[in-house]
Amino acid sequence: QQKVQQSPESLTVSEGAMASLNCTFSDGTSNNFRWYRQHSAKGLEVLVSIFSDGEKEEGRFTAHLNRANLHVSLHIREPQPSDSAVYLCAVRGTQVVGQLTFGRGTRLQVYA
Amino acid sequence: EAGVTQSPRYAVLQEGQAVSFWCDPISGHDTLYWYQQPRDQGPQLLVYFRDEAVIDNSQLPSDRFSAVRPKGTNSTLKIQSAKQGDTATYLCASSFGGANTGQLYFGEGSKLTVL
């Protein structure tokens, strides 16, 4: 069964500094990776999807995927206080068709 | 374009009571998902539909939870005889073509507290 782990559990950065979040997964055949943002009492907003090794940029959000290391990261350039939220990593493996497995999330706090 | 709509947004129950959550997906999306998200955890899939058919309900506690999508559009998730361990936010999501290819769009969730 796919296991997805995120680190750190929480992260505090100042406005304008780079924020880096990590996600490891257990199924090396996984082929679909997504980062979501969840503001308090709100639904999930997809930030970036990545399907092959390398880098994918969507505005200020960049995902890096290294499947050999079972690792995907999210980097937030010039974070703003409005980016304060929980960031969730989701991975689709090949063992259960159609299922995304989520990590527990990283709580990001950006202060001005 | 309207997003995924869920109701009610909040529910508070005593143990043993029942509750139903309703989801209206994005128009044209054939796949609908129900996730359970306990506090400070990631969402966990309960069940998902392609049109009106259940594709996977292996994570649905079948003795007390049920979900239907009779016309392949709206869906209802029902919990009978709720327990404190059911306290969580229930998220509905929809996509076109399934998680393999389609992007999932989530509603704001229904937050359940069982006392």
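First the proteins, then the strands, lettered A, B, ... as listed; each starts at 1. This is a predicted model, so every value here is computed, not measured.
Every pair passing ring-ring contact (aromatic ring centres under 6.0 Å, His included) that includes a residue from residues 68-93 of chain A is listed here, sequence neighbours excluded: A:His64-A:His75.
With values rounded to the nearest 0.5 angstrom, A:Arg92 atom CZ is found 11.5 Å from B:Leu104 atom CG.
Interface remark: B:Tyr10 contributes side-chain atoms only to the contact with chain A (heavy atom separation under 4.5 Å). Of the atoms belonging to A:Gln38, it is side-chain heavy atoms, and not backbone ones, that fall under 4.5 Å from chain B. Proximity to chain B involves both the backbone and the side chain of A:Leu44, based on heavy atoms less than 4.5 angstrom apart. Neither the backbone nor the side chain of B:Gln6 has a heavy atom closer than 4.5 Å to any heavy atom of chain A.
Of residues 71-80 of chain B, not one residue has a non-hydrogen atom less than 4.5 Å from any non-hydrogen atom of chain A. The contact list for residues 107-115 of chain B toward chain A, using heavy atoms and a distance under 4.5 Å, reads B:Gly107, B:Glu108 by residue number.
Ranked by non-hydrogen atom pairs under 4.5 Å with chain B, the options A:Asn31, A:Val4, A:Val46, A:Val86 are led by A:Val46.
A:Leu70 and A:Leu65 fall within the same hydrophobic cluster, where Ile, Leu, Val, Met, Phe, Trp and Tyr residues are linked whenever their side-chain heavy atoms come under 4.5 Å apart, directly or through other members. Criterion: ILVMFWY side-chain heavy atoms under 4.5 Å apart, direct or through other members. Under it, A:Ile76 and A:Val13 are part of a common hydrophobic cluster. Note on A:Phe102: it does not cluster hydrophobically with A:Leu21, by side-chain heavy-atom contacts below 4.5 Å among ILVMFWY residues. Cluster annotation: B:Leu45 and B:Phe65 are assigned to distinct hydrophobic clusters (Ile/Leu/Val/Met/Phe/Trp/Tyr, side-chain heavy-atom contacts under 4.5 Å, transitive). Placement of B:Tyr48 and B:Leu46 in two distinct hydrophobic clusters is found when ILVMFWY residues are connected by side-chain heavy-atom separations under 4.5 Å, directly or transitively.
Around atom CD of A:Glu15, more than 12 heavy atoms belonging to other residues, nucleotides or ligands sit under 6.0 Å away. The environment of OH in B:Tyr105 is sparse: at most 12 heavy-atom neighbours from other residues, nucleotides or ligands sit within 6.0 Å.
The minimum heavy-atom distance between A:Leu88 and B:Pro43, with the atom names listed, is CD1-CD, 4.0 Å.
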Pairs of donor and acceptor atoms involving the side chains of residues 103-112 of chain A, under 3.5 Å and at least two apart or interchain, shall be tabulated with distances.
from     : atom 1 : to     : atom 2 : distance (Å)
A:Thr106 : OG1    : A:Pro8 : O      : 2.6

